[in-house]
Every structure is written in C-alpha cells, then in structure tokens.
*Asks:* 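I have a structure here, written as structure tokens, and I will follow up with some questions on it.
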Amino acid sequence: MLYDAESIYEEVKTILESKLMTVTFDTWFRDLVPVAVEGKTLILQTDKPLAKDLIPMRFTKDIADCFAQLNYEDFTFKIISPDEYDPEAQKKEDDSLHALTQKANLNPRYTFDNFVEGANNRLAYASSVAVADYPGNTYNPLFVWGGSGLGKTHLMHSIGHHILKNDPAKKVLYVSSETFMNELINSISNNTSTKFRDKYRQIDVLLIDDIQFLGGKEGTQDEFFHTFNTLYEANKQIVISGDRPPEEIERLEERIRSRFKWGLIVDIKPPDYETRVAILQKKAKINELNIDLSVLSYIADNIASNIRELEGALTRVVAYARLTCPGKNIDVEMAREALKDFTDSDSQKAITVHRIMETVCERYNLRMEDMKSKKRTKELAYPRQIAMYMCRKLTDVPLANIGKDFGGRDHTTVIHACEKVTEDLNGDHGDELRRSLEDIERRIVGE
Ligand SMILES: Nc1ncnc2c1ncn2[C@@H]1O[C@H](COP(=O)(O)OP(=O)(O)OP(=O)(O)O)[C@@H](O)[C@H]1O
C-alpha cells in the first residue's frame, strides 16, 4: 500500500470535523500540516507549542478511530514543530535517493504515483505494490507478462523506487535481459566473470525485463539460472517481465521455466476505454497540460491497443496545436486533424495478411523476410503456418492470394498449414497452442 500524507490527513480531517465541535476542530486540527508518512506514522506539523503536547494527550483515541474507520491499519500519528522538519535535510535525502535510483537504472518518471490502475492491470498493480512493500516476502519471483507498451517496465521501475524510498540501503537493479547477456559476454571476454557474478549475486532486488530475449541463449540462461538460485535462496526479491507467460517462451530451459512458476504470474491486458482516458488525464496533469476531456476522450476512442501509442498520440495532438494554432485551446477538430494518419485509414484497423504476418513475426522474434523465405527450418516453418492459419481465420483473402503473399507459395501450402495447426490444436499440446493463438489474435485485432 502506498501512502500520501496529504490525502490521508484530508480524510482524517473530514471525519474529525464532523465529530468534534467546530471550535475544537478549528483550534487544534484545521491548521495542522501533513508533512510525511514514515512507515505507518503520519507526521503532522504545528507551530503552536501547546498543540504539540495537547493533541496526543486529548485526541489520540479520536485519531485512532479515524484511522480504523478509514482502514489505515496500525496507523499512528506524531505531532512535530517546524524545527523538527528540516527541508534542507529532506533535500539532501532526496538528492541521495536520486543518486541511488540512477545507480539502480530506474527512470524517475516510472513510479506508482504516475501509474494508473485499471481493470486491465489490477492484479499486476496490486502484486507489484505488495512486492514493493515486502520485498522477498510475498511473491517471489513476481512474473509480469503482457503485450508491448502496456506498462510492465513502468511497474518494475515503480517497485524499485518504492523499495529504495523505504530502505535506501537496499541494492536494487533494473536490467533488461539483453543487457544482462551483453554484460555476461563482456565479462567472459575481459576475464571479469567473478566481478559479473558478484555484481548480480549481491543484489537485494533484481528487476529483469523482457526475459523472452533469453530464449535459445543457453549460456546466458545457465548464468541466469545460478543468479536466480543464489538470490532466491537468500530471500532476495526477483521481478521478471516478458511478453508472454513462461510456458510460451520458446527455447527456455525447463528448470528456469519451472522456477518462474514458484512465485506469482500476472498479466497486463490492453486498457479499456475508461482506463485509457484516465491515463491520458494523468499524463496531461504530469505535463501540466490543460486539455479538455472531450479531446482526451477522442484520443482514447481512436487509439486502443497500446499505451505507448496513446502517449504518442497525445504528444502529437499537443505539438500540432502549438504549431498550427498557437495560443488556442485544443479542441476535438484539431485532435482529429493531428491524428488523421492514425485514425482515418481503415487500413490501420483492417486486418490484412501483412498485418498478420507482422504480428506473428513480432511474437516469434522473426523478420518479415523469414516469413517469405524459402527456408523451412522448424523455427521458421511453424510460425509461418500459424500466420497462414490466422489469415484464413481472420480474413476473406482467397487462399491463392495468401500463398502469394507468403513468398509466392501455392494455395495447397496454405491448406496444409491450416490442417496442421488444426490437428495440433487437437493434439497433446493443444491447450498451450490455443493460448498462443489467442494471444496472437488479441494482438492482431488490437483488443
Ligand atoms: N497504467 C499506466 N498508467 C500510466 N502510464 C502507463 C501505464 N501503462 C503504461 N504506461 C506508460 O506507457 C508507456 C509504455 O509502458 P512500458 O514501457 O512500461 O511498457 P512495456 O509493457 O514494458 O512495453 P515493452 O514490452 O514494449 O517494453 C510508458 O511511458 C508508461 O509510462
């Protein structure tokens, strides 16, 4: 749970105001300044020396009742005088925290405060907060998966910030699995493997992004396996993200896959309309942009699948308005004009063979040439068959044309692909395949 002194005191004040006589409330509570929450203690500041002594004596029970009523479990309060709260010391603390977050590789913008909770990410958000509150003691490892641009990285960084804020002595490190691999390779070629191991095995909180990248990288998987074991056995927190659940990551060793399942696996889905609007409102507020709700709704209505694109659309609308109509308030007409290329073309939304091929390539980490090439290795042939199956399922394009788009293949190849996938769906690993196909379909239709 995350606490903010101002909002807690605002709630407490509302209850106290209704319970106490006006004169009592005005004398003791109206001007108290909420300055911080330390652990579960709300720190309130007063410049009246009498208040500092008298409030704890006379009102402790009233305030405790407020906390209980508001479900702030085990909360207490402390009244301090202005000289006990030193903004200079606070600044120093902030500066050193900033240095720590830089060392941990954390983006200052990716905090829980800036994250919008919605139906699409509720479980991922709640478990991230739990992990951030009690690292190593709740869900370990926490595995967060979901499509591109849906907030996985943002959540991981938020966990890191929160832990450092609570305990600056904790060693936190965010790293992409690609960086992990590159550092490993460098350490091997520079004969610094021990240093590499020390670095990763002495961490308190390891946040490792885009784990699917490790698929097929045996050496890196081996190193990661040992790092994982060392950290896990020492009760250190591990948070992992991926673009798919562990069982769907190809060429990942079983011993690693099974460890990912020891903790909690949560997914993030594309946001619904209400969450998209809320995210845009948040972004506008953070950037101090005053934009009418009708404009934000228009953007949310037209950019549906990915939050990174949603942010891009907002930036585009703002830039367009500044350049073409400086000084004017942004209206829906300007937004429509600015986003013309995104929203006008039905081709953006239409499901085409090309779009299906692109999505499958992205899902299996292939290039477009691979889809069209003559090569028939298993790594290429099966995704190609899946793409053909999807074309058949999701478009009305004739088989011969589908075949042609896949590097000039015959329509019988497409039929064979569809039969093969259908057969596999009814086979032993049918459930796993069905989940993969559903994931691909979601990406294609941009749900
Ligand atoms: N719920 C949310 N509230 C506010 N901003 C969000 C939310 N989800 C995502 N974003 C923003 O969307 C952008 C993309 O998010 P992020 O980089 O975390 O996605 P990702 O899931 O890690 O994507 P990828 O797999 O492509 O790396 C970021 O700028 C992030 O701040």
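Atoms within a ligand are numbered from 1 in the order they appear, just like the ligands themselves. This chain uses plain numbering: 1 for the first residue, then up along the sequence.
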*Asks:* Quick test: of every protein heavy atom, which one is nearest to atom 26 (O) of ligand 1, and how far off is it to 0.1 Å?
*Replies:*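 Closest protein heavy atom to atom 26 (O) of ligand 1: S148 OG, 2.9 Å.
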*Asks:* Describe, in one word, how the ring planes of Y125 and F115 are oriented to each other, choosing from parallel (under 30°), tilted (30 to 60°) and perpendicular (over 60°).
*Replies:*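 Aromatic pair Y125/F115 classed parallel.
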*Asks:* Please say whether V116 places an N or O atom under 3.5 Å from an N or O atom belonging to ligand 1.
*Replies:*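 Yes, at least one N or O pair falls under 3.5 Å.
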*Asks:* Any donor and acceptor pair, going by atom type alone, linking the side chain of K236 with main-chain N or O of I203 inside 3.5 Å?
*Replies:* no
*Asks:* Between N114, L150, L155, N107, flag the one that comes closest to atom 4 (C) of ligand 1 by a heavy atom.
*Replies:*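 Closest candidate by heavy-atom distance is N114.
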*Asks:* With a distance cut-off below 6.0 Å to the six-membered ring centre and an angular limit of 45° from the axis, does R259 pair with Y232 as a cation-pi contact?
*Replies:* no
*Asks:* Can you name the residues that form a side-chain hydrogen bond (donor to acceptor under 3.5 Å, both in side chains) with E178, not counting sequence neighbours?
*Replies:* none
*Asks:* Hey, is G146 one of the residues with a heavy atom under 4.0 angstrom from ligand 1?
*Replies:* no
*Asks:* Return the option from R109, R276, H154 holding the heavy atom at the smallest distance from atom 31 (O) of ligand 1.
*Replies:* H154
*Asks:* Where does N121 meet ligand 1, judged by heavy-atom distances below 4.0 Å: at the side chain, the backbone, both, or neither?
*Replies:*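 The answer is the side chain of N121.
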*Asks:* Does NZ or CZ of K217 fall inside the cone over F213's six-membered ring, less than 6.0 Å from its centre and within 45° of the axis?
*Replies:*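 Positive - K217 is close enough to the ring of F213 and near enough to its axis.
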*Asks:* Is the contact between K282 and ligand 1 made by the side chain, the backbone, both, or neither, using heavy atoms and a 4.0 Å cut-off?
*Replies:*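 Within the 4.0 Å criterion, K282 makes no contact with ligand 1.
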*Asks:* Can you name the side-chain hydrogen bond (donor to acceptor under 3.5 Å, both in side chains) partners of R197, sequence neighbours left out?
*Replies:*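 Expected list: E223.
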*Asks:* What is the nearest protein non-hydrogen atom to atom 11 (C) of ligand 1, stated with its residue, atom name and distance?
*Replies:* E311 OE2, 3.4 Å
*Asks:* Please list the nearest protein heavy atom to atom 25 (O) of ligand 1 with its residue and the distance rounded to 0.1 Å.
*Replies:*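 Minimum-distance protein heavy atom for atom 25 (O) of ligand 1 reads K152 NZ, 2.9 Å.
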*Asks:* Out of all atoms in ligand 1, which are within 4.0 Å of some heavy atom of G151? Include the element for each.
*Replies:*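 Those of ligand 1 that fall under 4.0 Å from G151 are 8 (N), 9 (C), 15 (O), 16 (P), 18 (O), 19 (O), 20 (P), 21 (O).
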*Asks:* Any sub-3.5 Å donor-acceptor pair from K269's side-chain atoms to L150's backbone N or O?
*Replies:* no
*Asks:* For atom 23 (O) of ligand 1, what is the closest protein heavy atom, and at what distance to 0.1 Å?
*Replies:* G149 N, 2.7 Å
*Asks:* Counting both backbone and side chain atoms, is some N or O of R308 under 3.5 Å from an N or O of ligand 1?
*Replies:* yes
*Asks:* Of all the atoms in ligand 1, which lie at a distance below 4.0 Å from a heavy atom belonging to G147?
*Replies:* 21 (O)
*Asks:* If you take the nearest heavy atom of each of T153, D210, L280, which one is closest to atom 22 (O) of ligand 1?
*Replies:* T153
*Asks:* What residue and heavy atom of the protein are closest to atom 12 (O) of ligand 1, and at what distance?
*Replies:* I307 CG2, 3.2 Å
*Asks:* With rounding to the nearest 0.5 angstrom, report the OG to CG distance, S176 to L207.
*Replies:* 12.0 Å
*Asks:* Does the distance from a Lys or Arg side-chain N to an Asp or Glu carboxylate O, for R434 and D431, drop under 4.0 Å?
*Replies:* yes
*Asks:* Can you figure out which of Y110, F112, W145, Y125 has its heavy atom closest to atom 28 (C) of ligand 1?
*Replies:*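 Heavy atom nearest to atom 28 (C) of ligand 1 belongs to Y110.
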*Asks:* Taking the six-membered ring for Trp, are H157 and Y110 parallel (under 30°), tilted (30 to 60°) or perpendicular (over 60°)?
*Replies:*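 Aromatic pair H157/Y110 classed perpendicular.
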*Asks:* Using ring centroids (six-membered ring only for Trp), state whether Y139 and Y134 fall under 6.0 Å.
*Replies:* no
*Asks:* Consider every N or O of F115 and every N or O of ligand 1, then say whether any pair is closer than 3.5 Å.
*Replies:*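 Checking ligand 1 against F115, no N or O pair falls under 3.5 Å apart.
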*Asks:* Could you check atom 5 (N) of ligand 1 against the protein and tell me its nearest heavy-atom contact, residue, atom and distance included?
*Replies:* K283 NZ, 3.0 Å
